[in-house]
2 protein chains.
Amino acid sequence: MTTVLIVDDEPQILRALQINLHAHGYTVVLAVNGTAALAAAQTQAIDVVVLDLGLPDMDGLEVIAGLRGWSEVPIIVLSARHGSHDKVEALDAGADDYVTKPFGLDELLARLRAATRRAGPQSAEPLVETAEFTVDLANRLVLRGGEAVRMTPTEWSLLELLVRNPGRLVSQQQLLSEVWGPAYAKETHYLRVYMGQLRRKLEADPANPAHLLTEAGMGYRFVP
Amino acid sequence: MTTVLIVDDEPQILRALQINLHAHGYTVVLAVNGTAALAAAQTQAIDVVVLDLGLPDMDGLEVIAGLRGWSEVPIIVLSARHGSHDKVEALDAGADDYVTKPFGLDELLARLRAATRRAGPQSAEPLVETAEFTVDLANRLVLRGGEAVRMTPTEWSLLELLVRNPGRLVSQQQLLSEVWGPAYAKETHYLRVYMGQLRRKLEADPANPAHLLTEAGMGYRFVP
DNA sequence: CCAGCGCGTTAAGAACGCGTAAAAACGGGC
DNA sequence: GCCCGTTTTTACGCGTTCTTAACGCGCTGG
């Protein structure tokens with residue numbers, strides 16, 4: 001889920017963007033001035049910023065500079081000014097893109113996609129953490145107390161499937177058919193053997209698991 | 001030094017951009033059509049592409065798609081069309097920015113700076129170091145104790161792929177299909193032979209590798 | 001109360017993957 | 001056509017992983 005911070009002082013624009021972006025699957029965070037924008041960016045995880053340069057409390061360039069002081073989040077600038085001087089200043093201050101009003105919503109959406117596509121690959125780090133261990137999906141790594149835990153292919157495959165469905169119950173059939181193949185959907189004792197190995201490697205008390213739980217007769221559940 | 005590939009079919013624009021960008025410190029490579037552009041991008045190191053959509057031999061979108069097939073180089077599109085549909089198509093095809101003609105040179109320069117600023121930090125790190133050896137990606141050089149280590153093409157290709165994904169597990173299939181080609185995705189014994197050669201050349205104790213690790217049944221991992 | 005079921009644990013043989021070395025095939029330069 | 005470096009095969013020993021089986025435990029329903 002991508003989170004967009006929209007910074008604008010005109011309520012109707014704010015509202016229009018909120019509705020439209022939300023309708024396209026974005027999580028929307030609003031700010032009506034520069035101060036609120038900087039505060040919002042520091043307190044929650046923002047994936048991309050849409051910034052109107054005309055703000056009541058501070059210059060839009062200051063907002064860009066304030067963000068760039070600690071963050072590399074993509075910034076798309078909206079402005080009514082067509083002058084190339086304004087564009088140059090905003091871009092050199094650290095903005096990623098500059099759109100002049102009036103603009104089409106589909107164009108803004110396309111530029112949002114372009115911005116998040118660039119930043120996406122590096123920021124999209126699927127890290128799943130528990131009190132006991134950490135699973136790094138991207139690097140195929142399991143850490144426990146700073147040490148890497150060695151996993152066999154089957155163990156990893158099983159763990160990955162559970163961890164990718166945090167909190168959700170995964171049925172025995174699904175586990176078996178995705179890890180061993182559809183033909184093995186009835187060999188439930190494989191699960192017992194491998195769940196035991198996972199628990200011995202990852203749980204503090206393998207006999208009383210805290211994260212890799214058994215749902216008798218149904219399947220298994222991973223809780224972070 | 002930043003290298004710009006300019007793709008345009010109008011000689012006077014090509015010439016004007018060449019002179020101006022060169023005056024601002026860029027190395028300029030020119031292409032008058034899509035075929036030449038793709039060829040140029042493959043034979044030399046390009047940092048950013050400036051692409052006019054109106055080309056004689058192929059659609060500009062095809063050029064974008066062709067580049068995006070293997071490269072993540074920033075692409076700035078120039079176009080006379082103001083329609084938002086054209087913008088959306090180009091951006092979704094993989095372009096990073098879209099500038100409509102007529103445009104100011106200073107605006108283009110600012111957008112060039114913004115594009116290279118984003119890409120710069122990650123591509124400007126062609127040195128990967130370990131306690132044992134150093135890999136210079138830019139110069140295709142491997143140093144060990146101040147001495148250059150001779151690498152065959154296959155060895156280098158394999159090493160480069162691993163080193164470009166530090167800490168990450170790279171699957172056997174990915175290694176085989178990127179180094180030898182998709183048809184070799186099952187010839188896992190190639191990997192054993194060449195990983196052995198790399199370890200003999202780079203590791204202090206080839207039998208107990210510290211940086212080129214094997215994850216049985218899954219793939220290999222480089223750790224710095 | 002006990003039989004049946006599902007779960008967890010352990011152990012051992014079979015099967016597979018890995019590392020190594022060395023030979024054979026290939027290909028480009030002279 | 002020959003030589004030399006590189007790539008592709010081949011073979012074998014060894015360690016790891018998978019599979020299978022056996023056993024004990026707790027819960028449930030008859």
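All chains are named by letter (A, B, ...) in the order of the sequence lines, taking the proteins before the strands, and each is independently numbered beginning at 1.
Residues A/Tyr26 and A/Thr3 bring no donor and acceptor atom of their side chains to less than 3.5 Å of each other. Counted by atom type alone, A/Thr2 and A/Asp47 present zero donor-acceptor pairs between their side chains at under 3.5 Å. Side-chain contact check for A/Thr214 and A/Arg192: no donor-acceptor pair (N or O, by modelled atom type) lies under 3.5 Å.
The side chain of B/Arg200 lies closest to C/dA21, out of D/dT7, D/dT19, C/dA21. For B/Thr188, taking side-chain heavy atoms from C-beta onward, the closest of the listed nucleotides C/dC18, D/dT20, C/dG19 is C/dC18. Comparing D/dT7, D/dC18, D/dT19 against the side chain of B/Thr154 picks out D/dT7 as the nearest. In this structure, the nucleotide among D/dT7, D/dT9, D/dT20 sitting nearest to the side chain of B/Tyr190 is D/dT9. Minimum atom distance to the side chain of B/Val193 is reached by C/dT20, of the listed C/dT20, C/dG8, C/dT10.
From A/Leu109, atom CG reaches atom CG of B/Leu91 across 11.0 Å, with rounding to the nearest 0.5 Å.
A straight line from CG of A/Leu176 to P of C/dC7 spans 11 Å, rounded to a whole angstrom. At whole-Å resolution of the value, CG in A/Leu198 and C1' in D/dT17 are 14 Å apart. The distance between atom OH of B/Tyr184 and atom P of D/dT7, rounded to the nearest whole Å, is 12 Å. One can place NE2 of A/His189 at 13 Å from C1' of C/dG8, the figure rounded to the nearest angstrom. Taking atom CZ of B/Arg192 as the reference point, atom P of D/dT10 lies 14 Å away to the nearest angstrom. Spacing between atom CD of A/Gln197 and atom C1' of D/dT17 amounts to 9 Å, rounded to whole angstrom units. Put simply, NZ on A/Lys186 is 19 Å from C1' on D/dT20, counting in whole angstrom units. Atom CG in B/Leu213 sits roughly 11 Å away from atom P in C/dG19 (whole-Å rounding).
Side-chain rings of B/Trp156 and B/Tyr194 stay apart, their centers remaining 6.0 Å or farther from each other.
At a threshold of 4.0 Å, the pair B/Arg111-A/Asp97 counts as salt-bridged, since one of the basic side-chain nitrogens sits closer than that to a carboxylate oxygen.
Along DNA chain D, the nucleotide nearest B/Arg150 and the nucleotide nearest B/Glu187 are compared for position; the residue whose nucleotide lies closer to the 5' end is B/Arg150.
Proximity of residues 214-224 of chain A to DNA chain C (heavy atom under 4.0 angstrom from any strand atom) is restricted to A/Thr214, A/Ala216, A/Gly217, A/Tyr220.
At least one side-chain nitrogen or oxygen of B/Thr152 sits closer than 4.0 Å to the OP1 or OP2 atom of D/dT7. Residue A/Trp180 places at least one side-chain N or O closer than 4.0 Å to OP1 or OP2 of D/dT19.
For the pair B/Val99/B/Glu107, a side-chain contact is recorded, criterion being any heavy-atom separation below 4.5 Å from C-beta on.
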